[in-house]
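Just dropping this structure here.
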Amino acid sequence: WHCPLSPLATSQSVATSLCPSGVSSPNPAQSTPNCCATKVGKLRQGKLSTALPSRTLWDLSAFGIWGAFGSGQVLVVLPKPKLGLWGKAERTARMRMRMGVSRDLPAETGLHTGWVQNGGLFIASNKQRLDEYKRLMSLGKVYGVESHVLTPAQTKDLYPLMNVDDLYGTLYVPKDGTMDPAGTCSTLARAATARGATIIENCPVTGIQVRTDDFGVKRVHAVETAHGTIQTPCVVNCAGVWARALGRLAGVHVPLVAMHHAYVVTERIEGIQNMPNVRDHDASVYLRLQGDALSVGGYESNPIFWEEVSEKFAFGLFDLDWDVFMQHIEGAVNRVPVLEKTGIKSTVCGPESFTADHKPLMGEAPEVRGFFLGCGFNSAGMMLGGGCGRELAHWIIHGRPEKDMYGYDIRRFHHSLTDNNRWMRERSHESYAKNYSVVFPHDEPLAGRNMRKDPLHEELLQQGCVFQERHGWERPGWFSPGGAAPVLDYDYYGAYGHERHRDYNYNRLLGDEYTFDFPPHHDIIKKECLTCRNALALFDMSYFGKFYLVGPEATKAADWLFSADVSKAPGSTVYTCMLNRQGGVESDLTVSRISPGTPGSPLAPAFEGDGYYLAIGGAVAQHNWSHITTVLQDMKFQCKLLDCSEELGMMSIQGPLSRAVLQEVLDTDLSNEAFPFSTHKITTAAGCQVRAMRLSFVGEMGWELHVPRADCVKVYRAVMQAGARHGIANAGYRAIDSLSIEKGYRHWHADLRPDDTPLEAGLAFTCKLKSSIPFLGREAVEAQKAKGIFRRLVCFTTEQKVPMFGLEAVWRDGQVVGHIRRADFGFAIDKTIAYGYIRDPAGGPVSLDFVKSGSYELERMGVTFPARAHTKSPFDPDNKRVKGFY
C-alpha cells in the first residue's frame, strides 16, 4: 500500500483530508489509531471520499519502531464504498477499541492486532482510592464491564510477585488487556485499504487554504502539499504534538502542549507471564505486561515540557532524564519487588501532547468550518482511538457524533482560553500531574485560575466566597464563615523551582472536601439552601452567557432554533431547548423577546427587525455560541448573534421574601398582576437601569437582575442593604445544585445531553408540537413520540441519608436498568435525590406505568439502597412557590 504520489496529488478533489501523526508515548502511535479508525469508520458508513495529506512524523513502513506514521508523510485517498456499519455503539470509546482490536479487525483483515486479554489490577493503598474503584465497579455493571474488589490476600493469589503489605484492596477487571501498537495500526490500515483507501507516503502538508464565502463564513478549501494541492472542504487534524502548528496554517487555535513522556522495558522476569496489568495510581505508576517483561511508566509532578516543537523530529527519542523518571522506578519496585534485581532492556522517551483537562480535542473548530480536530490524546490514543475515530467519522458525515462527546468537544473551552499560553501550560501541567489522583466530586483546579472575573468578584471574595472555575470564569461555589479564600497564582506543586504556597486557605478548603461522604461544609451549604427556601438568598450568576439574536430574520431563526414558541410579544420570557437533527438536546436556556433600545447599550441594544435576549449557563456558553452560529450559517438567516457576556452582570434574588425586598429597590410594581412569572422589563435599581426577569432556577419566587457591568456593585449593595433586616444571605452554585435538583430542574450535560431528547427528559412542554411551526429536530421528536419512549429520566429519593454524586447503578426488580446522572442532597425534603435514565431490560417502551410499577434500588460503591421513583418533583410538585403562592 505504498503508492506513488504525483498522479493523485496534483489535481485530486476529495471530500475529506486527514492529517495524522504518530505520537511518542508509552503507547506508540497514539494519534494514529484515532486517524485510522476515523478512516475506517467513514468507509464503513459509506459516505466518504477522503484524502489524507499529512505533516506526519513517522513512516508507515516502520510501524513498530516508534509510531504508526512518521516523517514519511502520508496521503490516504478513500473512495465511496457501499454502506457498511460496524453496529450500534453502546459502549465507551475504550470498549469500542477493545472490541475492535480483539474481534472485529482480525475477523475483517485476517491480521492479528496483538491484543492480549490478561486482565487488569487497580491498586488501592487507602480507603478513598478503593471507594473510587467501587464507584467504577457499580457503574461497570450498567455497561456490562465485569470487575471484582479483591482483598490483599486475594490479590497476592492472583499476582504472586506483588507486594501487598501496604494494600487496602484492589479492583480486578478480567477483560482488561494490552495491544500491540504496530499490529493494531497496520491492521487498521489494511482495513482501510481493503475498502478502497490509497495511502501515499512522503507528502508533507505545507498549507491549508481557507476561503470566506458570500456570507462571511470561513471554510476549508484545499490542502497544500509539497507535491500538489488537493481541493477538499474538510480537514481532520490528527497531528499530535504538531497539531498546534497545523492549526495555525488554517487560523485555528489548538490548545495543547508538548511534553516528554517515557517508559522503560525490563529484562525478562520469571513468573510474570500472563500476569494482569497493574495500575498503582497512588504511586502514580503503571506496570504493563510486555511478553515476559514489564513496561513501566507513570505521571510525575515535574514533567519536561518540549519548549520548541521541531518539524523535523522523526524517528527520534529524547534522552531519558533519570532524575525525573526515578520516582516511577521506586514505585514499581515497591509494588513488584523482583524489579529491584531486574535489568532495564530499553528506555523510550518521546513527545506527547497534553490538554488542559487531560481529554482529547475533537470536533469542528469554531474558527473555520470544515476543520476538524482529532488530537491531544494525552497518551491514551490506543485506549480511545477506536471509539473516538468512529465518533469523529460520524461527526463529519452527519454533523454530530452518534454519542455524547461534549467532554472531548473543542467547544468545551471558551475561545479566550484556547490560545492563552499561560492557561494551557498551567492547566495541562496540573492535569498531567494529577492524572492518577482520586477524582473527588467537589475538587477544583488550582492552575489557570482568575482568567475571567465578574464585576462582583472582589465584593464576594471579601465575604468568604469560595470560587469554582467554569469556562475560565470564577463563579461562587459557597461562602465560608472563615473569611476570604483567594485563589493564588499557580505554584506548579513546587516543581521547576517554584515555592509551594504555605497557609493556602483555598487549597485547604478543597482538601477538606476530598471525600465520598458528605463533605465537612455540608451544613454551611444547608444553611444557604434553607435561607433561600425560608427567607431569601442572592446568587451571583454573572458568568452566564448573554447573547442577543437580532435582525430582519431573527424571528425566523428563533422559530427554527428553539423548540418552544418564543415568538411572543416583547416582555415575554420562555424556557426552551435547542435540538439537533436527531432530536437531542444541544442546550436549554431562556429566551426573552425584546424591543429595540439605545445604540451601544449592552442592556438594550439598538437593532432593526426583531430581537431576542438569550441567557445560557456560562459553563457551556461557547458550545451554545458555536451551535447557534453553525445553524445560522447553514440556514443563511439574515440576523446577527451578539455576545454581551462580559458587559453584563447577573444576580438572582430568590425566596419567599424576595418581592418584599426588591420592591424597596426596583422602581416597578412587582405584584403577580403587574409582573407575572416568565416576564421581564427594563426598570431602575439604585438609580441604575437594569433588566428584571421574573424567573427561578431554584423553585422559589424570585427575580433575576441583568445589570451593566459598571453598575453591578452598586445594585448588589442596594439589594443586600434592603434585605439585611429580612435575613438575606449570599449563596453559591453548590446551593443551586441542591435546590435545583430538589425542584426537578434540569442541568445541561448532566440531566440533558446531545443524545437525550426532550421527551425522554420530561421536557415535552418545551416543544411546540401543537403548532405547525417547523423547528430543528422536530421530525425526530415527532417520530419518537409516535414510536414510544424507550428511555426515560426518573427522579429517585432514598430514605437513608446517604451521599450520592452520580454514576450510581439503578436496579429495578433485581435488574440493572440504568445509572444516575446527577445526585445531591435536598435539604427542604431532607432526602438524597438522584436523577437517572432507565430502560426496560425487555426492550419495551418506558411508560409512566412502567416507572411506577417497579421496585428500585440505587447501588453506591457496591452497596444497594432502597429508593422511591417519582413521576413529579418531590418538592412543590404543583409549582405554587415560583408563582408567589406560599
Side-chain angles (χ1 to χ4, degrees), residues 16 19 208-213 215-221 233-239 243-256 355-357 359-376 391-392 395-396 398-401 404-421 423-424 427 451-452 470-473 543 545-549 557 561 578 580 586-587 589 614 616-637 639-646 748-749 754 776:
T16 305
C19 302
I208 296 175
Q209 294 181 12
V210 175
R211 293 187 179 179
T212 303
D213 65 18
F215 295 88
V217 180
K218 292 182 178 180
R219 299 181 183 274
V220 169
H221 175 70
C234 179
V235 168
V236 185
N237 183 352
C238 301
R244 289 190 74 186
L246 188 65
R248 282 193 291 267
L249 295 179
V252 171
H253 296 151
V254 182
L256 54 78
T355 63
D357 55 4
K359 296 177 182 178
L361 305 175
M362 295 180 63
E364 190 173 34
E367 299 95 336
V368 178
R369 298 296 303 275
F371 192 99
F372 284 81
L373 301 177
C375 52
E391 290 299 327
L392 189 54
W395 212 327
I396 295 167
H398 301 288
R400 67 169 303 277
D404 168 45
M405 298 294 287
Y406 176 73
Y408 293 179
D409 193 333
I410 182 60
R411 298 175 297 175
R412 70 189 184 271
F413 298 131
H414 191 258
H415 64 83
S416 67
L417 303 175
T418 54
D419 198 37
N420 186 304
N421 287 326
W423 177 80
M424 282 189 288
R427 287 293 293 271
M451 304 301 297
R452 307 172 76 192
R470 299 293 184 273
H471 225 42
W473 284 106
Y543 95 118
K546 310 167 198 77
F547 306 154
Y548 290 102
L549 180 65
L561 273 166
M578 289 192 290
N580 51 48
E586 293 287 342
S587 169
L589 67 160
L614 284 53
I616 297 162
V620 293
Q622 183 68 54
H623 173 82
N624 279 259
W625 176 272
S626 298
H627 173 75
I628 296 170
T629 300
T630 298
V631 173
L632 297 181
Q633 293 170 355
D634 290 346
M635 299 299 292
K636 299 179 173 58
F637 289 124
C639 55
K640 295 180 179 180
L641 188 65
L642 309 175
D643 187 354
C644 288
S645 303
E646 303 278 356
W748 193 83
H749 209 244
L776 181 59

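What you see is a predicted model, and the numbers here were worked out from it, not measured in a lab. What you see below is based on every heavy atom in this structure, not just the backbone, and it leaves out hydrogens, waters and symmetry mates. Numbering starts at 1 and runs along the sequence shown.
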Could you grab the distance from atom CG of D643 to atom OG1 of T629, nearest 0.5 Å is fine?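 Separation between the atoms: 9.5 Å.
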Can you check whether L249 reaches V210 side chain to side chain, under 4.5 Å on heavy atoms?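 Not in contact.
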Side-chain heavy-atom pair R411, P366 within 4.5 angstrom cut-off: yes
Can you tell me how far apart CG (L246) and CD1 (I208) are? Round to the nearest 0.5 Å.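 Nearest 0.5 Å value for the CG-CD1 distance: 4.5 Å.
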Hey, are D404 and H749 close enough side-chain-wise for a donor-acceptor pair under 3.5 Å?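 Result is yes, a qualifying pair exists.
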Might you work through the side chain to side chain contact (heavy atoms under 4.5 Å, CB included) test for H627 and L776, ending with a clear yes or no? CA-CA 12 Å; H627 173 75; L776 181 59; 4.3 Å; yes
Hey, what do you get for CZ (R400) to OG1 (T630), rounding to the nearest 0.5 Å? 13.5 Å
Test item: V235 and V368 side chains (from C-beta on) under 4.5 Å apart, heavy atoms: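 In short, these two side chains do not touch, never coming nearer than 4.5 Å.
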Quick check: do N624 and M578 have side-chain heavy atoms less than 4.5 Å from each other? yes
Hey, are D213 and R369 close enough for a salt bridge, meaning a charged N less than 4.0 Å from a carboxylate O? no
Taking the basic N atoms (NZ, or NE/NH1/NH2) and the acidic carboxylate oxygens, is any pair closer than 4.0 Å for K218 and E367? no
Is it true that a side-chain atom of T212 and a backbone atom of V217 form a donor plus acceptor pair closer than 3.5 Å?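 Flag not set: sc T212 to bb V217 has no pair under 3.5 Å.
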Kindly indicate whether the side chain of Y543, heavy atoms from C-beta on, has any atom under 4.5 Å from the side chain of S645. no
Between atom OH of Y406 and atom CZ of R412, what is the distance when rounded to the nearest 0.5 Å? 8.5 Å
With distance as the sole test, does H414 use its side chain to make a donor-acceptor pair with the main-chain N or O of S416 at under 3.5 Å?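 Looks like yes, one N/O pair under 3.5 Å.
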Using a strict cut-off of less than 4.0 Å between a Lys/Arg side-chain nitrogen and an Asp/Glu carboxylate oxygen, indicate whether R248 and D419 qualify as a salt bridge. no
For I410 and E364, work out which heavy atoms get closest and say how close.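 In this case the closest contact between I410 and E364 is CG2-O, 3.5 Å.
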Minimum side-chain heavy-atom gap L549-C639 below 4.5 Å: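 Result yes, sub-4.5 Å side-chain heavy-atom pair found.
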Correct closest heavy-atom pair for M424 and T418 would be SD-O, 3.7 Å
Exercise: identify the closest heavy-atom pair between C234 and I396: SG-CG2, 3.8 Å
For the aromatic rings, using the six-membered ring if either is Trp, is the centroid distance between Y408 and W395 under 6.0 Å? no
Does this structure show an ion pair linking D357 with K359, if we count only N-O contacts that are shorter than 4.0 Å? no
Are side-chain heavy atoms of K636 and F215 found at a separation under 4.5 Å? yes
What heavy-atom pair brings H253 and P255 nearest, and what distance separates the two atoms? O-CD, 3.6 Å
With rounding to the nearest 0.5 angstrom, report the OH to CG distance, Y548 to L641. 12.0 Å
Closest non-hydrogen atom pair, V236 against G374: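 In terms of heavy atoms, the two residues are closest at CG1-N, 4.5 Å.
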Could you state the interatomic distance from CE (M362) to CD (E391), rounded to the nearest 0.5 Å? 7.0 Å
Heavy-atom check, side chain of E646 versus side chain of R452, under 4.5 Å: yes
I'd like to know whether the aromatic ring centres of H415 and W625 sit less than 6.0 Å apart in this structure.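 Not under 6.0 Å, so no.
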Provide the closest heavy-atom pair for N580 versus P754 in the form atom of the first, atom of the second, distance.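 Taking every non-hydrogen atom into account, ND2-O, 3.1 Å.
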